[in-house]
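For reference, the structure discussed in these notes is given below.
In what follows, chains are A, B, ... by sequence order, proteins preceding strands, each numbered from 1. Owing to the predicted nature of the structure, the values given are computational and were not obtained by experimental measurement.
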There are 2 protein chains.
Amino acid sequence: MVAAEQQASVQRIFSEYLERHGHRKTPERFAILTEVYAHDGHFDIERLYGRMKTKKYRVSRATLYNTMDLLIDCDLVRRHRFTGTQSQFEKAHAFGQHDHLICTTCGAVQEFCDPRIQQIRKTAGEVMGFEVRYHTLQIHGTCASCQEKRQLS
Amino acid sequence: MVAAEQQASVQRIFSEYLERHGHRKTPERFAILTEVYAHDGHFDIERLYGRMKTKKYRVSRATLYNTMDLLIDCDLVRRHRFTGTQSQFEKAHAFGQHDHLICTTCGAVQEFCDPRIQQIRKTAGEVMGFEVRYHTLQIHGTCASCQEKRQLS
DNA sequence: GTTTATGCAAAGGCTTTGCATTTCA
DNA sequence: TGAAATGCAAAGCCTTTGCATAAAC
């Protein structure tokens with residue numbers, strides 16, 4: 001799927017979600033969604049705020065926080081709490097499920113993918129009578145680069 | 001392992017850790033470890049602070065935060081960031097590895113265990129040249145109780 | 001006797017809240 | 001027109017920091 005198609009797709013999903021829940025379709029909300037889907041990777045509110053400030057849409061931080069909640073609720077955005085108090089966000093639609101390796105030394109975040117996690121999700125849900133919506137798997141340790149640096153010292 | 005043996009074991013581990021890293025063996029540090037291992041389940045700093053205030057040892061919040069960092073560093077305590085900004089902690093020694101189901105409706109946290117996660121850890125580490133230390137797997141969704149309530153309404 | 005840890009309070013950083021103003025329906 | 005969203009600034013909450021005091025080594 002090319003970027004333009006993806007934009008159209010997520011805009012439609014968001015629009016239907018807002019309608020279904022009786023929320024208003026404000027230009028700010030769609031502008032935020034557009035900006036979120038214009039980039040790959042993780043971002044925090046401050047970075048998103050900065051990116052939008054330099055463009056046509058200047059939205060308040062409060063609106064960014066509110067809109068993130070909506071986008072998370074309709075599964076267009078995922079929230080991560082890697083470390084510290086600051087939340088990291090990431091677009092979640094039409095992307096392969098992936099999880100994260102987090103280096104406890106340098107803080108770098110790498111992505112990886114293992115289909116076996118789907119089995120675990122399924123089993124856990126069945127055993128506990130839990131309706132699974134999404135998961136977060138973080139593997140913490142030392143990245144290859146920091147392992148090398150440690151050897152040298 | 002009975003509780004007393006476990007206490008002795010983790011106290012020794014902590015003592016050796018402090019020695020190895022040139023940290024002082026203060027009574028506060030051991031009192032905190034004792035209190036942490038006196039209870040099951042998750043706790044936050046405020047709860048731990050409250051529990052210790054009612055007992056012989058009255059420690060400052062700053063010392064609790066500092067000591068948690070040490071206990072995490074020597075793998076006696078695990079930190080969780082389930083939701084919100086507040087960290088949850090949990091003793092980590094001599095307990096079966098487990099992961100968490102988190103209800104997005106009521107916030108309840110259930111534990112579950114699936115040995116297949118070990119394979120994923122292993123594979124991810126090998127493929128990415130990553131030295132795995134620990135992982136956190138959270139499955140988010142709706143718990144059985146909240147599913148029932150939703151049906152009724 | 002030094003150096004490190006503690007305790008207290010203040011500062012910090014991210015997030016939420018309150019309220020006046022705007023705008024969608 | 002009425003209800004909901006926005007923007008701004010203030011307030012909140014958890015956590016970290018600075019510094020004087022106390023204690024480990």
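If you measure from atom CD of E46(B) to atom P of dG12(D), you get 16 Å, rounded to the nearest angstrom. Taking atom CZ on R81(B) and atom C1' on dC14(D), their separation rounds to 11 Å, with Å as the unit. Here dA24(D) presents its C1' atom at 13 Å from NE2 of H23(B), a figure rounded to the nearest Å. To the nearest angstrom, P of dC14(D) lies 18 Å from CD of Q86(A). In this entry the distance linking OH of Y49(B) with P of dT6(C) reads 15 Å, nearest Å. Between the CE atom of M52(A) and the P atom of dG7(D) there is a distance of 9 Å, rounded to whole Å. Rounded to an integer number of Å, the gap from CG of N66(A) to C1' of dC8(D) is 13 Å. Rounded to an integer number of Å, the gap from CG of D44(B) to P of dC13(D) is 14 Å.
Contact annotation: T26(B) side-chain N/O to dA24(D) OP1/OP2 distance is not under 4.0 Å. Y65(A) has no side-chain polar atom (N or O) that falls below the 4.0 Å cut-off from OP1 or OP2 of dT16(C). Applying the 4.0 Å criterion to OP1 and OP2 of dC13(D), one finds that T85(B) has every side-chain N and O outside that range.
Among dT6(C), dA25(C), dT15(D), the nucleotide with an atom closest to any side-chain atom of S87(B) is dT15(D). For S60(B), taking side-chain heavy atoms from C-beta onward, the closest of the listed nucleotides dT15(C), dG7(C), dG7(D) is dG7(C).
The two residues T142(A) and C103(A) have their closest heavy-atom pair at CA-SG, 4.1 Å. When all heavy atoms of R79(A) and R81(A) are compared, the closest pair comes out as CD-NH2, 3.4 Å.
If you check every strand for non-hydrogen atoms under 4.0 Å, R29(B) touches sugar and phosphate atoms only.
For the pair S15(A) (side chain) and Q11(A) (backbone), a donor-acceptor distance under 3.5 Å is absent. No donor-acceptor pair under 3.5 Å is formed between the side chain of S9(A) and the backbone N or O of E5(A).
Classification of the H98(B)-H100(B) ring pair by plane angle, with boundaries at 30° and 60°, yields perpendicular.
Donor-acceptor pairing under 3.5 Å, judged by distance alone, is present between the side chain of R24(A) and the base of dA4(D).
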